[in-house]
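Starting from 1, each residue takes its place in the sequence as its number.
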Amino acid sequence: MTQRIDLTISRDYLEPFASPSTPKLCPELVDYLSENAWYHPELSLQISCPEDERERLQQAISNTFTQKSEQLSATINTQRLVALVLLVLAIALVLAATALGVEGTIPVGLVTVTAWMLVWRTAEIFLLDIRSNLRERRKCQRIVSAPKHFL
């Protein structure tokens with residue numbers, strides 16, 4: 001089922017500090033679109049705006065959510081790198097402790113807890129953080145590709 005999002009544009013829908021050649025939506029409108037598009041696989045935008053603003057509004061929607069999608073892609077790549085570094089640190093810590101022959105309850109416990117914390121954070125990044133950002137990126141791409149019907 002297609003989710004229909006109704007927009008009524010009268011004025012002040014653009015970000016005031018964006019360049020005129022690449023218009024972007026104001027933050028309030030971005031939040032409204034993001035909240036209404038969250039769980040719907042198919043979107044349709046029903047837009048009521050002045051006729052001379054239609055092209056500019058389409059460009060602003062595309063620019064805003066394309067940029068947001070690109071930022072999320074960069075964030076996902078950074079998170080993957082951080083997770084891999086943490087995993088390598090956990091493995092290196094365990095290998096170093098084994099090679100040095102760390103014995104005793106306190107040093108072994110410290111190494112074990114630290115390694116598990118690093119592995120846990122790695123799993124959290126892969127299973128929660130990256131999935132959340134992938135979902136957000138897909139939502140932005142759905143908004144950009146949604147059919148826009150002007151009234």
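Here CG of Leu33 is found 10.0 Å from SG of Cys140. Values are rounded to the nearest 0.5 Å. Summarising the geometry, atom CG belonging to Asn36 is positioned 9.5 Å from atom CG belonging to Leu43; distances are rounded to the nearest 0.5 Å. Taking CZ of Arg4 as the start and CD of Glu42 as the end, the distance is 15.0 Å to the nearest 0.5 Å. Between the CG atom in Leu14 and the SG atom in Cys26 there is a gap of 8.0 Å [rounded to 0.5 Å]. Atoms CD1 and CD1, from Ile47 and Ile5 in turn, are 9.5 Å apart once rounded to the nearest 0.5 Å. With rounding to the nearest 0.5 angstrom, the CZ atom of Arg135 is 12.5 Å from the CD1 atom of Ile130.
Looking at Phe65 and Ser34, their side chains come closer than 4.5 Å, going by heavy atoms from C-beta outward. Inter-residue side-chain proximity for Val144 and Ile61 is flagged as unmet; no heavy-atom pair is nearer than 4.5 Å. A heavy-atom distance below 4.5 Å is not found between the side chains of Leu84 and Thr122. Leu118 is not listed as a side-chain neighbour of Leu87, based on a closest heavy-atom distance of 4.5 Å or more. Within the 4.5 Å cutoff, the side chain of Leu151 has heavy atoms near those of the Gln46 side chain.
With sequence neighbours excluded, the residues forming a side-chain contact (heavy atoms from CB on, under 4.5 Å) with Arg121 are Leu86, Glu124, Ile125, Asp129, listed by chain and number. For the side-chain contact (heavy atoms from CB on, under 4.5 Å) test, residues two or more places apart in sequence or in another chain that qualify with Val102 are Ala97, Leu100, Pro107, Val108. With sequence neighbours left out, the side-chain contact (heavy atoms from CB on, under 4.5 Å) criterion links Trp116 to Thr112, Val119.
In terms of heavy-atom proximity, Asp6 sits nearest to Tyr32 at O-OH, 3.0 Å. The shortest heavy-atom contact between Ala115 and Val94 is CB-CG2, 3.6 Å. Between Thr114 and Leu110, the shortest heavy-atom distance links the atoms OG1-O, 2.8 Å.
With 3.5 Å as the limit, one finds no donor-acceptor pair spanning the side chains of Glu28 and Tyr13.
Among residues at least two apart or in separate chains, side-chain hydrogen bond (donor to acceptor under 3.5 Å, both in side chains) pairs with a member in residues 55-67 are Lys24-Gln67. Applying the side-chain hydrogen bond (donor to acceptor under 3.5 Å, both in side chains) test to every pair with at least one member in residues 73-84, sequence neighbours left out, gives these pairs: Ser73-Arg137, Gln79-Asn133. The list of salt bridge (charged side-chain N to carboxylate O under 4.0 Å, His left out) pairs with a residue in residues 59-75, not counting sequence neighbours, reads Lys68-Glu136.
Under a hydrophobic clustering in which Ile, Leu, Val, Met, Phe, Trp and Tyr are joined whenever their side-chain heavy atoms come within less than 4.5 Å, directly or via other members, Leu134 and Val82 fall into the same cluster.
Atom CZ of Arg54 has more than 12 heavy atoms from other residues, nucleotides or ligands within 6.0 Å. More than 12 non-hydrogen atoms from other residues, nucleotides or ligands lie less than 6.0 angstrom from CG of Leu128.
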